[in-house]
Enquirer: 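Got a structure here, written out as structure tokens. Questions coming.
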Amino acid sequence: MTKQLKGIAVSDGIAVAKAYLLVEPDLSFEKRSVENVEAEAARLSDALSQSTKDLQAIRDKAVKTLGEEEAQVFDAHLMVLSDPELISAIEGNIKDNKVNAESALKEVTDMFIGMFEAMEDNPYMQERAADIRDVTKRVMSHLLGVKLPDLTMIDEEVIIVAEDLTPSDTAQLDRNFVRAFVTNIGGRTSHSAIMARSLEIPAVVGTKEITEHVVEGDVLAVDGSEGDVIVNPTEAQVADFKAKEKAFNELKAEWDKLKHAKTVTADGKHLELAGNIGTPKDLDGVLSHGGEAVGLYRTEFLYMDSPDFPTEDEQFEAYKAVLEGMNGKPVVVRTMDIGGDKELPYLKFPEEMNPFLGYRAIRICLAEDQMFRTQLRALLRASVYGNLRIMFPMIATLAEFREAKALLEEEKAKLIAEGVEVSEDIQVGIMIEIPAAAVIADRFAKEVDFFSIGTNDLIQYTMAADRMNERVSYLYQPYNPAILRLIKNVIDSAHAEGKWAGMCGEMAGDQTAVPLLVGLGLDEFSMSATSILRTRSLMSRLDSKKMAELAEKAITECDTADEVVALVEEYTK
């Protein structure tokens, strides 16, 4: 029977294929009393060890297929497996209550999951609950000898159907066989959505009921651009989707022709299209998709992938590799943005009610001054190998920027005194992600060389809505007039002082937002590498003067995000 569903379109593309229902395995067990508690503790230890090997292998594959940034979620999972507090609690339960390892594992992890999920005002802790649940499932499968679904064994074209896809699931997808995926839950910024875009697999999430209407072997038609899903489509519907798929593939072929083209609007205005990277390995993706710059190099992965603070020389080599690899094209390097959801096992973080609004990014750097100086020295040494731009994250006040820049100037003077060559042409800017900084952008613009707007955080901080919380996800509104006004203020403030303004958040590659941003006068758009060519194609069809008229109307005449979207559609049809 044919059934049509609507979900959230999170990754472009069209696919028609058989459904592969990703079902949870039976991990049920009976609670048993045991005499030999040492044997049960040994079983637990073996299961933890096997799970660690699994996750290491999945992480390695994720690095190759998705890149270092997307693979970082497995670091959190590995940290759970080695958490002494969690493991000792499970072992204590086995020994104190003389119960089997399965029972002890479930009781302890359920307690932690319940505790973290109850922290509704702390999204970081709620995410840890999801990590513990994912890891517990893997450990339990080893204890019970039950095999978890192995998506790497798929050897025919399918569309994955699931309640949700965990990061572990998504990392195993082979794009040669997995044509698309559809889930009950999720949003545009969920892990699975981000990974789908990296893999260039069509995806629709948040359908709420796809698993209720699909059985193994059903045929699905999926439109990841519009969010449409049809279960058991008619021949006419299949033909329609096949035609859409052909048209989309032809579009992609046209986009590929733009790899070496400049980014120019229909009326001749040049814009800069850049890529976001996490490690030097990600550079190939930016260059192969025609990136004109690196608009965001997230240096925290150097710290997260190291057993201790990376040395000055280790950092120097990484920065040098990227600067040389870009062959003179601009590279915006964001100084370490640790904290929030990014922890380091070798750096003690304080217990905080809300880590995302706490001790993180520049706040740590200014407090842990030696660690910051080491990074600044490495960047300064590397500066002679390319076109370096240094960006400080999470800046809220002018005092913070001045202090950070003063440390940079101190280290520069020391290096020059030591006879080390340093570029005299390094731009220094800030990431605008805190509303306070956006509001007084005119004051910052007198002292910085550039702005890069981090919309992921700017939107959730402005709307007071966690973008990963489904209950308030409707408030994550990139096109809300309030957000557009903040962005306009930042861009206008930069231009008034002869400075440039860029954007490195998800919004920069959003095809609905791009016409608005062109109209607002944004100079540089930095995004996932896979979005660059499509965005270049879109920009080539936009008249910047007409888009300026669009942006002005959106800000002055629209009351809601929906009205803004309708206006964009009217101007770009």
Side-chain angles (χ1 to χ4, degrees), residues 6-14 180 187-189 193-194 196-206 222-228 244-245 247-259 261 263-266 269 271-276 289-292 295 453 455-456 459 467 476-480 483-484 487 502-522 524-544 546-548 550-551 554 558 561-573:
K6 190 79 175 175
I8 302 167
V10 296
S11 184
D12 292 331
I14 316 289
R188 187 164 175 80
T189 56
I194 292 167
R197 290 192 288 275
S198 296
L199 286 167
E200 297 184 73
I201 294 176
V204 176
V205 303
V222 175
D223 185 340
S225 307
E226 299 293 332
D228 295 323
K244 282 185 183 178
E245 182 179 16
F248 182 74
N249 289 335
E250 287 171 356
L251 258 182
K252 285 182 72 176
E254 287 300 312
W255 298 340
D256 283 345
K257 294 176 185 175
L258 299 174
K259 277 183 185 176
T263 307
V264 184
T265 62
K269 182 177 180 180
L271 301 165
E272 188 170 83
L273 275 187
N276 299 336
H289 285 88
E292 298 166 295
I453 306 168
T455 52
N456 296 1
I459 294 167
R467 59 195 167 98
Y476 187 78
Q477 299 178 3
Y479 325 120
N480 187 290
I483 302 299
L484 299 180
I487 292 171
M503 181 177 288
C504 55
E506 184 75 28
M507 192 174 174
D510 182 321
Q511 302 298 289
T512 299
V514 167
L516 291 162
L517 298 173
V518 168
L520 289 170
L522 192 71
E524 180 242 36
F525 297 66
S526 192
M527 60 199 67
S528 299
T530 53
S531 298
I532 291 174
L533 292 175
R534 181 180 187 181
T535 304
R536 180 169 294 151
S537 174
L538 171 60
M539 287 175 169
S540 71
R541 303 190 302 276
L542 300 177
D543 181 300
S544 65
K546 187 179 175 185
M547 294 307 105
L550 159 68
C558 293
D562 288 342
E563 289 176 17
V564 172
V565 172
L567 190 65
V568 172
E569 289 172 354
E570 179 189 326
Y571 266 75
T572 56
K573 63 185 176 186

Enquirer: Name every donor-acceptor pair, under 3.5 Å, that has one atom in a side chain of residues 251-259 and the other anywhere in the protein, sequence neighbours excluded.
Expert:
| unit_1 | atom_1 | unit_2 | atom_2 | d |
| --- | --- | --- | --- | --- |
| E254 | OE2 | K257 | NZ | 2.9 |
| W255 | NE1 | S537 | OG | 3.4 |

Enquirer: Looking at every non-hydrogen atom in both residues, tell me the closest pair between L271 and L522 and how far apart they are.
Expert: CD2-O, 3.4 Å

Enquirer: Would you name the heavy atoms of A9 and G224 that are closest together and state the gap between them?
Expert: CB-O, 3.2 Å

Enquirer: Please give me the minimum heavy-atom distance between A274 and G295, naming the atom from each residue.
Expert: CB-N, 3.4 Å

Enquirer: Answer yes or no: is there a side-chain heavy-atom contact under 4.5 Å between E570 and L550?
Expert: no

Enquirer: Please examine the side chains of M503 and T455, heavy atoms only from C-beta on, and report whether any two atoms are closer than 4.5 Å.
Expert: yes

Enquirer: May I have the list of side-chain donor-acceptor pairs in residues 507-518 shorter than 3.5 Å, sequence neighbours left out?
Expert:
| unit_1 | atom_1 | unit_2 | atom_2 | d |
| --- | --- | --- | --- | --- |
| D510 | OD1 | Y479 | OH | 3.0 |
| D510 | OD1 | T512 | N | 2.8 |
| D510 | OD1 | A513 | N | 3.3 |
| D510 | OD2 | Y479 | OH | 2.6 |
| Q511 | NE2 | G509 | O | 3.0 |
| Q511 | NE2 | T535 | OG1 | 3.1 |

Enquirer: Look only at the side chain of N456 and the backbone of E506, and say whether a donor-acceptor pair between them is shorter than 3.5 Å.
Expert: yes

Enquirer: Rounded to the nearest 0.5 Å, how far does CG of D223 lie from CD1 of I14?
Expert: 3.5 Å

Enquirer: Enter the distance from S540:OG to L538:CG here, rounded to the nearest 0.5 Å.
Expert: 7.5 Å

Enquirer: Indicate yes or no for a side-chain donor-acceptor contact from R536 to the backbone of G290 under 3.5 Å, with no hydrogens or angles considered.
Expert: yes

Enquirer: With a 4.5 Å limit on heavy-atom distance, are the side chains of M539 and V264 in contact?
Expert: no

Enquirer: Just so I know, are the side chains of C504 and N276 near enough to count as touching, which here means a heavy-atom distance under 4.5 Å?
Expert: yes

Enquirer: Locate the shortest heavy-atom distance separating G13 from S225; write the atom from each residue and the value.
Expert: N-OG, 3.4 Å

Enquirer: Between A554 and C558, which heavy-atom pair has the shortest distance, and what is it?
Expert: O-CB, 3.3 Å

Enquirer: Has R197 got a side-chain atom pairing as donor or acceptor with V10's backbone, closer than 3.5 angstrom?
Expert: yes

Enquirer: Are a donor atom and an acceptor atom from the side chains of E292 and T263 found within less than 3.5 Å of each other?
Expert: yes

Enquirer: Answer yes or no: is there a side-chain heavy-atom contact under 4.5 Å between M527 and L273?
Expert: yes

Enquirer: Ignoring hydrogens and geometry, is there a side-chain-to-backbone donor-acceptor pair from K546 to Y571 under 3.5 Å?
Expert: yes

Enquirer: Within this structure, what is the CD1-CG distance for the pair I459 and N480, rounded to the nearest 0.5 Å?
Expert: 9.0 Å

